[in-house]
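Note that these values count all heavy atoms, side chains included, but never hydrogens, waters or copies made by symmetry. Within every chain, numbering begins at 1; the chains are lettered A, B, ... in the order of the sequence lines, protein sequences first and strands thereafter.
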Amino acid sequence: MVVFKVQLKQKIFQILKEQAKKSGIDPEAIREEDLSIENPPKPELGDLAIPLFPFAKVFRMPPHALSSLVGESLQQGASLPEGVDRFNIVGPYLNIFLNRPMVTELLFQQAVKEGDRFGSSDLFRSKRIMVEFSSPNTNKPLHLGHLRNDALGESVARILRFSGATVRTVDLINDRGIHICKSMLAYKELGQGRTPEDEGLKSDHFVGKYYVLYNELAKRDPEAEDRARAMLVKWEQGDPEVRLLWEKMNQWAIEGIKRTYERTGIHFDQFNFESEVYLKGKEEVLKGLEKGIFYREADGSIWVNLEDIGLDRKVLLRSDGTSLYVTQDIGTAISRYKDWPFDTMIYVVASEQNYHFKVLFTILERLGYEWAKNLYHLSYGMVNLPEGKMKSREGTVVDADDLLDELTEMAKEEIRTKEREEEVGNIDETAEKIALGALHYYLLQPSPSKDIVFNPKESLSFTGNTGPYIQYTGARICSMLRKLNGVTQVKDRNGKATYLNTTEEWELVKLLSDFPVVVELSASSYNPSLLANYLYEVSKTFSRYYHEHPILYAEDPDVAASRVQLSRCVLQVLKNGMYLLNIPFLEVM
RNA sequence: GCGCCCAUAGCUCAACUGGAUAGAGCAACUGCCUUCUAAGCAGUAGGUCGGGGGUUCGAGUCCCUCUGGGCGUACCA
């Protein structure tokens with residue numbers, strides 16, 4: 001369908017230019033970007049709509065007259081452009097009706113031929129894109145906020161790869177700093193050498209427990225903070241005992257976090273540790289100072305002045321010469337580029353850091369790094385609770401593993417009440433996949449930039465506009481295809497586009513043909529939500545159709561075979577799209 | 001104070017990036033399992049797109065302003 005769209009657009013553009021010449025108007029006044037092809041609000045109006053408002057002024061004639069004029073030229077010599085059946089003029093709109101069998105046949109061919117690659121493109125061919133996301137701290141396990149971050153990062157990476165890019169996903173693990181020392185201190189003073197195994201806890205939860213214990217400790221012992229700070233100093237000095245404890249606890253934390261990644265289908269090509277890079281920015285700052293990009297205050301601290309572009313002054317090196325958060329980010333970016341030169345670098349980080357990234361990117365540009373203009377902050381909104389922000393101190397943080405366990409349990413319960421244990425087979429595995437489907441769809445469906453409210457009671461539904469609904473649609477198609485073997489008169493027949501004559505089928509064909517366009521749009525805007533909403537639309541449209549028309553048992557076996565073929569296309573689009581959103585595909589549920 | 005973001009049905013979110021009568025789900029009510037999985041389908045009800053002004057042939061979408069909310073503005077990360 002894309003082919004037809006492109007051809008049609010060219011044709012209309014050409015017609016407009018010719019008409020302009022005839023009317024003595026400068027053809028240059030006809031701009032291609034004013035020409036758009038849209039979907040009409042109602043299918044009866046047409047398959048494609050071309051609004052001609054923007055050109056009415058240039059031609060100095062009413063829009064409806066212009067659309068008639070263009071329509072006549074389109075029909076010239078009684079032959080319409082390929083794929084176009086007829087057109088209809090509704091006021092200022094030129095509405096196009098496509099040749100249904102032609103579009104349908106094209107979809108059949110593409111979906112079968114390309115299979116798991118259907119929807120892919122070379123939009124980002126030969127582009128190297130680095131995607132940084134997750135970035136956990138090693139003092140506590142992952143929470144719901146990380147899950148949104150991970151879902152976005154993983155999905156964007158998959159979509160970009162599918163669109164031809166060479167993608168490298170990176171996890172920058174924040175494994176040093178005062179907050180790490182806090183859990184270390186609590187463990188040292190209260191842990192009595194126990195291990196996660198001793199307490200039967202997942203290792204990152206074990207570490208997290210001591211972070212909570214620290215906060216309790218600090219409440220009754222005001223000097224705890226001093227001891228934690230002293231520990232950080234010792235850590236920086238390389239004190240062997242502190243380093244040993246640090247390594248032990250970090251290992252626990254990271255091992256546990258990696259298990260959660262595995263569970264949720266998150267993959268990283270590279271892990272960076274802040275402990276290894278946090279000093280790197282320092283020399284860059286000193287270089288910048290020499291070049292006169294930064295300046296030194298009387299107390300020895302080094303600053304950058306960004307007031308000329310509406311930002312503030314920012315400290316880059318403390319008066320004692322130690323580095324800050326921005327400093328390490330400067331260093332990390334530079335060493336990453338050296339290590340793996342990229343065309344684009346995407347930081348998936350919550351919107352609370354918008355300011356930070358503005359500052360970071362500006363500094364890198366001023367330091368003279370050409371690639372700095374290719375850095376992109378993929379900012380996303382916070383995940384809040386109905387009561388407000390999640391706060392670890394108040395214990396309102398929604399733990400990632402607990403949430404998944406809870407969802408899995410709900411899915412199991414659902415399978416049991418529907419009495420589908422036998423058909424499903426491995427209930428544990430299926431329930432877990434349903435849980436992941438629900439979670440990832442829930443997190444990816446809203447626009448990234450928006451804050452979302454997570455209501456534990458209502459948000460975790462499996463019906464309606466949810467991940468499991470999409471999974472269910474796929475599972476039903478699979479189930480139907482399994483039964484196809486029993487229907488001998490249909491089984492060996494090839495589907496043909498000409499047997500599909502219902503409006504519902506045509507709606508499906510148009511929608512499915514749009515899949516590559518939706519993927520491209522999601523890729524170029526780094527926005528998986530477009531894809532998520534699209535998959536829901538596909539599921540919805542198919543469910544309606546499936547309810548309305550028999551497929552396997554259609555009276556005419558040729559019609560049945562063609563409907564099966566269409567269902568296979570739906571399945572392929574769902575499968576490919578679900579992969580891109582990291583929603584597990586299920587043959588049975 | 002200043003900067004950035006957000007405001008659409010009771011609730012949670014869409015709206016093809018400025019196009020035709022603003023759509024879904026949840027919750028409520030009503031139907032549909034002797035036919036391919038009822039995690040489904042169909043229907044009823046629910047809206048001055050936060051208020052006001054402007055730009056435009058056309059504004060939920062762009063600009064200004066006010067109101068309400070979030071985030072930031074650390075020699076924290």
Q: Looking at every strand, decide which applies to V518(A) at a 4.0 Å heavy-atom threshold: base, sugar-phosphate, or nothing.
A: nothing
Q. Under 4.0 Å between a Lys/Arg side-chain N and an Asp/Glu carboxylate O for E225(A) and R229(A)?
A. yes
Q: For nucleotides rA20(B) and rA15(B), find the distance between their P atoms and express it as a whole number of Å.
A: 14 Å
Q. With a non-hydrogen cut-off below 4.0 angstrom, is E537(A) in contact with a base, only sugar-phosphate, or nothing?
A. nothing
Q: Assign L521(A) to base, sugar-phosphate, or nothing according to its heavy-atom contacts below 4.0 angstrom with the strands shown.
A: nothing
Q) How does protein contact run along nucleotides 31-36 of chain B, one letter per nucleotide 5' to 3', with B for base contact, S for sugar-phosphate only, - for none, heavy atoms under 4.0 Å? A) -----B
Q) Since syn is defined as within 90° of 0, does rC26(B) count as syn or as anti? A) anti
Q: Provide, to the nearest angstrom, the distance between the CD atom belonging to Q328(A) and the P atom belonging to rC76(B).
A: 12 Å
Q | Pair R544(A) + E504(A): basic N to acidic O under 4.0 Å | A | no
Q) So what's rA45(B) paired with, Watson-Crick or G-U wobble, going by both distances under 3.5 Å? A) none
Q) For rC71(B), what is the paired nucleotide under Watson-Crick or G-U wobble rules, both distances under 3.5 Å? A) rG3(B)
Enumerate the protein-to-nucleotides 19-23 of chain B contacts in which both atoms are nitrogen or oxygen and the separation is below 3.5 Å.
unit_1	atom_1	unit_2	atom_2	d
rG19(B)	O2'	Y93(A)	OH	2.4
rA20(B)	N6	N95(A)	OD1	3.1
rA20(B)	N1	N95(A)	ND2	3.4

What protein N or O atoms touch nucleotides 25-30 of chain B N or O atoms at under 3.5 angstrom, if any, and at what distances?
unit_1	atom_1	unit_2	atom_2	d
rG25(B)	OP1	K540(A)	NZ	3.1
rG25(B)	O2'	N465(A)	N	3.3

Q. Are any of the side-chain heavy atoms of Y546(A) and I551(A) separated by less than 4.5 Å?
A. yes
Q. How are the rings of Y214(A) and Y211(A) set to each other: parallel, tilted or perpendicular (split at 30° and 60°)?
A. parallel
Q) Taking atom C1' in both rG31(B) and rA38(B), what distance in whole Å separates the two? A) 13 Å
Q: Please determine if a side-chain N or O atom of S447(A) lies less than 4.0 Å away from the OP1 or OP2 oxygen of rA14(B).
A: yes
Q) So what does Y355(A) hit on the nucleic acid, given a heavy-atom distance under 4.0 Å: a base, only sugar-phosphate, or nothing? A) sugar-phosphate
Q) In whole angstroms, how far is the P atom of rG60(B) from the NZ atom of K450(A)? A) 15 Å
Q) What is the distance, rounded to the nearest whole Å, between atom NZ of K389(A) and atom C1' of rG69(B)? A) 14 Å
Q | C1'-based separation of rA45(B) from rC11(B) [nearest Å] | A | 16 Å
Q.
Looking at R420(A), I'd like to know whether one of its side-chain N or O atoms comes within less than 4.0 Å of OP1 or OP2 on rA39(B).
A. no
Q: For rG19(B) and rU61(B), measure between their C1' atoms and round to the nearest Å.
A: 11 Å
**Q.** Distance, rounded to the nearest Å, where R544(A) contributes CZ and rA38(B) contributes C1'
**A.** 17 Å
Q: Would you classify K57(A) as touching base, sugar-phosphate or nothing, given that sugar-phosphate means primed atoms plus P, OP1 and OP2, and contacts are heavy atoms under 4.0 Å?
A: sugar-phosphate
(Q) Tell me whether the rings of Y93(A) and F53(A) are parallel (<30°), tilted (30 to 60°) or perpendicular (>60°). (A) perpendicular
Q: Could you state the atom-to-atom distance from CG of L52(A) to P of rG58(B) in whole Å?
A: 17 Å
Q) Once you round it to whole Å, what is the distance between C1' of rG18(B) and CD of E33(A)? A) 14 Å
Q) Do the charged groups of R420(A) and E414(A) touch, with an N to O distance under 4.0 Å? A) no
Q: Flag this pair as yes if the NZ/CZ of R176(A) is under 6.0 angstrom from the six-membered ring centre of Y278(A) and inside a 45 degree cone about the axis; otherwise no.
A: yes
Q.
Does A475(A) reach a base, just sugar-phosphate, or nothing at all? Heavy atoms under 4.0 Å.
A. base
Q. Any side-chain heavy-atom pair from E132(A) and D171(A) closer than 4.5 angstrom?
A. no
(Q) Does Y469(A) reach a base, just sugar-phosphate, or nothing at all? Heavy atoms under 4.0 Å. (A) sugar-phosphate
Q: For nucleotides rG18(B) and rC62(B), find the distance between their C1' atoms and express it as a whole number of Å.
A: 8 Å
Q.
Tell me which nucleotide, if any, is Watson-Crick or G-U wobble paired with rC26(B) when both distances must be under 3.5 Å.
A. rG10(B)
Q. Within the structure shown, what part of the strands sits under 4.0 Å from M382(A) by heavy-atom distance: base, sugar-phosphate, or nothing?
A. nothing
Q.
Closer than 4.0 angstrom, basic N to acidic O: yes or no for R416(A) and E413(A)?
A. yes
(Q) Ring-plane angle category for W303(A) and Y295(A), please: parallel below 30°, perpendicular beyond 60°, tilted otherwise. (A) parallel
Q) Can you check the K314(A) NZ to rA77(B) C1' distance for me, whole Å? A) 11 Å
**Q.** C1' gap between rU17(B) and rA59(B), integer Å
**A.** 13 Å
Q: Would you mind reading off the distance between L530(A) atom CG and rC13(B) atom C1', rounded to a whole angstrom?
A: 14 Å
(Q) Applying the Watson-Crick and G-U wobble criteria at under 3.5 Å, what pairs with rU56(B)? Answer none if nothing qualifies. (A) none
**Q.** P spacing across the pair rU56(B) / rG50(B), given as an integer number of angstrom
**A.** 23 Å
Q) When the P atoms of rC16(B) and rC26(B) are considered, how many whole Å apart are they? A) 23 Å
